[in-house]
Amino acid sequence: MKRSMMCGEVRALHIGTSITLQGWVHTVRDHGGLIFVDLRDRSGLAQVAVNPTDAPAVHAVAATLRDEFVLEVEGVVTRRPEGSENPRIGTGEVEIRATRMDVLNPSLPLPFPVAEETQVDERLRMQYRYVDLRRPRMARNLQLRHRTIKYIRDYMDSQGFWEIDTPIMANPTPEGARDYLVPSRLHPGMFYALPQSPQQFKQLCMVAGVDRYFQIARCFRDEDLRADRQPEFTQLDLEMSFVSDPEDVLALCEELFTGLTQTLSTKQVKFNPWPRIRWQDAMDRFGSDKPDLRYDLEIVDVSAAAGATGFQVFKGAVEAGGVVRGIRVPGAADRFTRKGIDELTELVRNSGAKGLAWAALGTETRSSFVKFLAEGEQAALWAALGAGPGDLVLLVADSLDVARTSLGRLRQDLARRLDLASSEIMAWAFVVEFPWFEKDEETGRLTFMHHPFTMPYDDDLALLDTDPLQVRAKAYDIVCNGKEIASGSIRIHRADIQEKLFRLLGYSPERIQTNFGHILRAFQYGAPPHGGIAPGIDRIVSLLADEENIREVIPFPKNQSAQDLMMGAPTPVAPEQLKELHISAVQPPATASTPG
RNA sequence: GGACCCGUGGUGUAGUGGCCAAACAUGCGUCCCUGUCAAGGACGAGAUCGCCGGUUCGAAUCCGGUCGGGUCCGCCA
């Protein structure tokens with residue numbers, strides 16, 4: 001390799017030495033005489049100066065340069081003339097006086113600028129992803145992703161975990177997300193499925209005596225996309241043997257991600273130790289199972305005080321078995337105009353609430369409802385909320401579910417409007433003690449909330465027969481800044497408990513045998529107690545990189561329609577290929593177009 | 001499956017019924033220029049305003065449809 005160092009590494013200590021750099025033309029500044037070339041590689045920029053009197057041949061080459069040409073430059077590192085240093089780049093003290101310049105490859109004019117951080121249509125960025133990834137922001141994100149994965153691997157190794165790879169061609173997941181299927185040529189009519197996660201393999205690793213397993217695992221789910229959801233994504237999948245207390249897994253995650261945040265970013269880890277919030281409390285206090293803990297704005301239950309008033313909206317809601325809950329926004333009485341309040345009202349209405357009762361407390365209280373309350377009733381309500389002059393109070397009277405979720409969304413919206421959620425804070429936390437069951441809204445039947453191999457809390461086992469909805473699971477999530485980062489659980493390793501849960505889920509013995517037979521058999525050959533978790537790498541990196549969309553931290557992502565606009569995937573295939581796989585493609589019926 | 005936002009030279013924007021056979025910046029081309037760092041200066045080329053249809057004397061602008069991109073709901077054990 002002719003290159004003697006990276007562009008961004010040239011420093012004053014190299015002055016007087018001759019070096020060879022290779023990279024891309026970031027920008028050219030042609031003065032007619034002097035020409036400056038900023039040469040870029042992934043490490044940064046170095047200024048190359050070409051003087052026509054010193055090196056006429058080099059000057060002739062430099063005059064033909066355009067953005068993103070690939071260059072090899074040989075020259076002497078010199079100190080820049082006094083007053084012409086550039087403190088904004090690491091190499092700004094020096095420049096390379098070129099003695100030789102070879103164009104290794106020219107470039108067509110670019111579809112969009114690399115050197116400027118301008119907003120570019122995502123379609124174009126994805127079509128020319130290889131150009132997009134050259135941009136400093138993307139290069140930074142790629143590097144951060146690398147460092148994150150490297151940190152994780154080093155940490156997991158230090159804790160005695162083995163990295164073990166599991167099959168990509170696996171079998172379908174019962175009950176889960178939609179699977180991506182791979183047709184089998186050797187077995188007509190049969191299919192492999194890409195794994196939604198290596199869940200069963202990692203549990204089998206525990207039976208196999210691996211003791212501590214991890215994998216930087218690619219996972220596949222054929223569901224609709226979101227800003228934080230891609231059809232293929234990457235998880236740190238991990239599992240530990242001889243753990244029966246969630247705390248064993250949580251403590252490890254806490255140390256890993258606290259250290260990772262502090263090592264790879266300048267962000268502040270808000271909690272040490274991280275809070276363990278029971279699911280029930282998260283729903284009550286924050287209206288969400290993934291609360292953003294960077295700010296307070298907790299939801300308060302004022303059903304007692306509000307239900308005792310003469311105000312029919314409050315009284316009626318409580319009498320109908322509902323609740324009155326609200327948020328006190330300290331000092332915000334004057335922060336919202338009537339229009340602003342209307343927007344908040346619209347927000348809770350969109351979450352199913354019938355309305356928003358509000359009061360801006362002060363010498364002249366503005367309110368939608370205090371006129372219906374006696375003075376004593378008002379005082380009792382403010383006391384329940386801890387509210388005083390200068391505070392804004394926002395109340396929802398509705399069913400428990402609607403009050404929680406609408407106030408949860410309101411809480412997030414308030415924080416955004418009041419700029420309470422700093423990206424410089426990482427509010428890592430655990431949500432624990434999820435319910436084992438939830439009721440399927442469509443069928444009314446019991447279904448599992450996490451997954452069917454999750455261990456219930458020992459104290460709740462008796463409730464399985466009497467009140468299954470009250471049974472808590474040894475399931476836990478990692479949340480950070482209002483985003484779900486990981487989900488995990490302690491698994492069942494006892495056949496009697498597993499069978500009982502399957503029965504409560506209404507699974508027939510045939511179905512159990514078909515879907516879970518292989519893993520249940522394995523559990524009969526000495527399965528140790530075990531548990532694990534699976535943090536999403538893409539989401540973690542996007543938080544560290546201050547990116548709203550995980551596409552920005554995935555090198556080659558899919559668009560919202562799950563297509564790769566650069567490679568053109570998915571594509572039709574030749575009929576011969578289908579025939580070989582014993583499958584035929586059926587086009588969906590054309591949508592009838594309405595006459596225009 | 002549904003709701004909403006966006007689509008104007010290569011790129012990013014302005015223009016919301018006649019002032020627009022479309023403006024600005026940047027990029028591109030030609031020329032001038034020896035200390036710039038988003039170099040500067042001069043000149044030039046480049047857009048049937050995503051597409052189809054409608055309303056109107058007149059449409060980038062209003063309406064309907066369609067295609068493409070994005071955000072959200074459903075969905076994601």
Side-chain angles (χ1 to χ4, degrees), chain A residues 26-40 45-54 59 62-63 66-68 78 80-89 91-92 95 97 108-128 131-132 172-179 196-197 199-200 219-231 233 347 350-352 405 409 434 436-438 440-442 447-454 473 475 484 487 489 505 515-516 534 536 548-549 551 559-561 563 565 591-596:
Chain A
H26 193 65
T27 53
V28 184
R29 295 176 293 281
D30 185 344
H31 290 231
L34 264 183
I35 299 175
F36 296 103
V37 181
D38 283 347
L39 198 64
R40 186 199 70 241
L45 295 176
Q47 174 165 282
V48 177
V50 182
N51 191 313
T53 52
D54 295 354
H59 188 267
R66 294 292 177 271
D67 288 351
E68 299 303 311
T78 54
R80 294 194 189 189
E82 199 174 334
S84 67
E85 301 89 351
N86 183 352
R88 283 178 299 162
I89 56 174
T91 60
E95 64 191 8
R97 297 284 177 101
L108 290 172
L110 296 157
F112 52 83
V114 171
E116 286 174 60
E117 292 290 322
T118 50
Q119 192 74 33
V120 180
D121 192 312
E122 278 216 49
R123 191 180 354 173
L124 262 185
R125 291 179 55 202
M126 291 306 164
Q127 263 163 18
Y128 296 92
V131 175
D132 188 41
T173 310
E175 306 283 337
R178 217 171 279 118
D179 286 310
Q196 296 179 27
S197 80
Q199 184 63 38
Q200 297 199 14
C219 306
F220 306 86
R221 293 177 191 175
D222 185 7
E223 295 294 343
D224 287 352
L225 289 79
R226 291 285 187 279
D228 61 354
R229 274 165 36 188
Q230 282 274 309
F233 60 100
L347 183 91
N350 287 341
S351 323
T405 50
R409 284 181 195 170
F434 281 76
W436 205 100
F437 294 97
E438 63 184 340
D440 187 304
E441 302 241 333
E442 279 171 29
T447 178
F448 48 84
M449 197 175 230
H450 181 65
H451 76 63
F453 302 109
T454 304
E484 181 190 316
S487 217
S489 63
L505 290 167
N515 289 340
F516 309 110
E548 290 295 319
N549 198 304
R551 281 194 299 268
N559 72 1
Q560 189 157 40
S561 313
Q563 297 163 306
L565 294 180
T591 331
S593 59
T594 36

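Sequence lines set the chain letters: A, B, ... in the order given, protein chains first and strands last, and positions in each chain run from 1.
Within 4.0 Å (heavy atoms only), A/S84 reaches at least one base atom of the nucleic acid. Across all strands, A/T173 comes closer than 4.0 Å to no nucleic acid atom at all (heavy-atom distances). Among the heavy atoms of the strands lying under 4.0 Å from A/R80 is at least one base atom, whether or not backbone atoms are also near. Nucleic acid contact class of A/Q196 (heavy atoms, under 4.0 Å, all strands): none. Using a 4.0 Å heavy-atom distance criterion, A/S487 is classed as making no nucleic acid contact. Residue A/I89 is classed as having no contact, given no heavy-atom separation below 4.0 Å to the nucleic acid. Within 4.0 Å (heavy atoms only), A/D222 reaches no atom of the nucleic acid at all. Residue contacts for A/E85: at a heavy-atom cut-off of 4.0 Å it reaches a base atom on one of the strands shown.
Judged by distance alone, with hydrogens and angles left aside, A/R229 brings a side-chain donor or acceptor within reach of the base of B/C76, the pair sitting under 3.5 Å. Scanning atom types as modelled, no donor and acceptor separated by under 3.5 angstrom connect the side chain of A/R123 and the base of B/C6. Taking only distance into account, the side chain of A/R97 meets the base of B/G35 through a donor-acceptor pair shorter than 3.5 Å. Looking at A/E116, its side chain has no donor and acceptor atom pair within 3.5 Å of the base of B/U26. Within 3.5 Å, no donor on the side chain of A/R29 pairs with an acceptor on the base of B/U34, nor the reverse. A/N559 contributes no side-chain N or O that forms a donor-acceptor pair with the base of B/G70 under 3.5 Å. For A/E548 and B/G70, a side-chain-to-base donor-acceptor distance below 3.5 Å is absent, hydrogens and geometry of angles not being considered. For A/R226 against B/G70, no side-chain N or O and base N or O form a donor-acceptor pair under 3.5 Å.
Distance check on atom C1': B/G2 versus B/A47 gives 36 Å, rounded to whole Å. If you take atom C1' in B/C37 and the same atom in B/G18, they sit 47 Å apart, rounded to whole Å. If you take atom P in B/U30 and the same atom in B/G68, they sit 39 Å apart, rounded to whole Å. Spacing between B/A77 and B/A3 at atom C1', rounded to whole Å, works out to 27 Å. Atom C1' of B/G70 sits at a distance of 26 Å from the matching atom of B/G53, rounded to the whole Å. For B/C75 and B/A59, the C1' atoms lie 41 Å apart once the distance is rounded to whole Å. Atom name C1', nucleotides B/A22 and B/U16: the rounded distance is 14 Å, in whole Å. One C1' atom belongs to B/A25, the other to B/G65, and the distance between them is 35 Å to the nearest Å.
As rounded to whole Å, 8 Å separates atom C1' of B/U34 from atom CZ of A/F36. We find that CE of A/M449 is positioned 13 Å from P of B/C76, with the value rounded to whole Å. For the pair A/D179 CG and B/C75 P, the interatomic distance rounds to 18 Å; values are reported in whole Å. Between A/E438 atom CD and B/A77 atom P the separation is 11 Å, expressed in whole Å. Atom-to-atom, CD of A/Q560 to C1' of B/C67 comes out at 16 Å; the value is rounded to the nearest Å. The CD-P distance, from A/E223 to B/G1, rounds to 13 Å in whole Å. Between the P atom of B/G69 and the CZ atom of A/R551 lies a distance of 11 Å, rounded to the nearest Å. What separates CG of A/L124 from P of B/U26 is a distance of 20 Å, to the nearest Å.
Put simply, the side chain of A/R80 reaches to within 4.5 Å of the side chain of A/N86, judged on heavy atoms.
Remark: the backbone N or O of A/N559 is not paired with any side-chain donor or acceptor of A/R551 at under 3.5 angstrom. A donor-acceptor pair under 3.5 Å is formed between the side chain of A/Q196 and the backbone N or O of A/A177.
Summarising the base pairing, B/U56 is matched to no nucleotide, lacking a Watson-Crick or G-U wobble pair whose two defining distances lie under 3.5 Å. In a base pair of the Watson-Crick type (N1 to N3 plus N6-O4 or O6-N4) or a G-U wobble (N1-O2 and O6-N3), with each distance short of 3.5 Å, B/G40 is matched with B/C32. B/G46 makes up no base pair with any nucleotide shown, lacking Watson-Crick or G-U wobble contacts both under 3.5 Å. Across all strands shown, B/C4 pairs with B/G70; the Watson-Crick or G-U wobble distances both stay below 3.5 Å. Using the Watson-Crick or G-U wobble rule with both distances under 3.5 Å, B/A23 pairs with B/U13.
A distance of 3.5 Å separates CD of A/Q199 from NE2 of A/H451, quoted to the nearest 0.5 Å. One distance of note links CG of A/D132 with CZ of A/F112; it measures 4.5 Å at 0.5 Å rounding. The structure places CG of A/D54 at 9.0 Å from CG of A/L34, a figure rounded to the nearest 0.5 Å.
Comparing A/P111 and A/E95, the nucleotide of RNA chain B nearest to each residue sits closer to the 5' end for A/P111. Mapping A/D224 and A/T447 onto RNA chain B by nearest heavy atom places A/D224 closer to the 5' end of the strand.
The side chain of A/Q563 places an N or O atom within less than 4.0 Å of a non-bridging phosphate oxygen (OP1 or OP2) of B/G69. Contact annotation: A/R88 reaches the phosphate of B/A38 (side-chain N/O to OP1 or OP2, under 4.0 Å). Checking the phosphate oxygens (OP1, OP2) of B/U71, a side-chain nitrogen or oxygen of A/N549 falls inside 4.0 Å. Between A/S561 and B/G68 there is no side-chain N or O to OP1 or OP2 distance below 4.0 Å.
Side chain of A/A227, nearest nucleotide from B/G69, B/C72, B/C33: B/C72. Residue A/R66 has its side chain nearest to B/G29 when only B/U11, B/U34, B/G29 are considered.
Under the ring-ring contact (aromatic ring centres under 6.0 Å, His included) rule, A/F36 has a single partner from A/H26, A/H59, A/H31, which is A/H31. Among A/F516, A/W436, A/F448, the one residue that satisfies the ring-ring contact (aromatic ring centres under 6.0 Å, His included) test with A/F453 is A/F516.
Per the stacking criterion (ring centres < 5.5 Å, plane angle < 30°), A/H31 stacks onto the base of B/A39.
Around CD of A/E117, the count of heavy atoms belonging to other residues, nucleotides or ligands within 6.0 Å exceeds 12.
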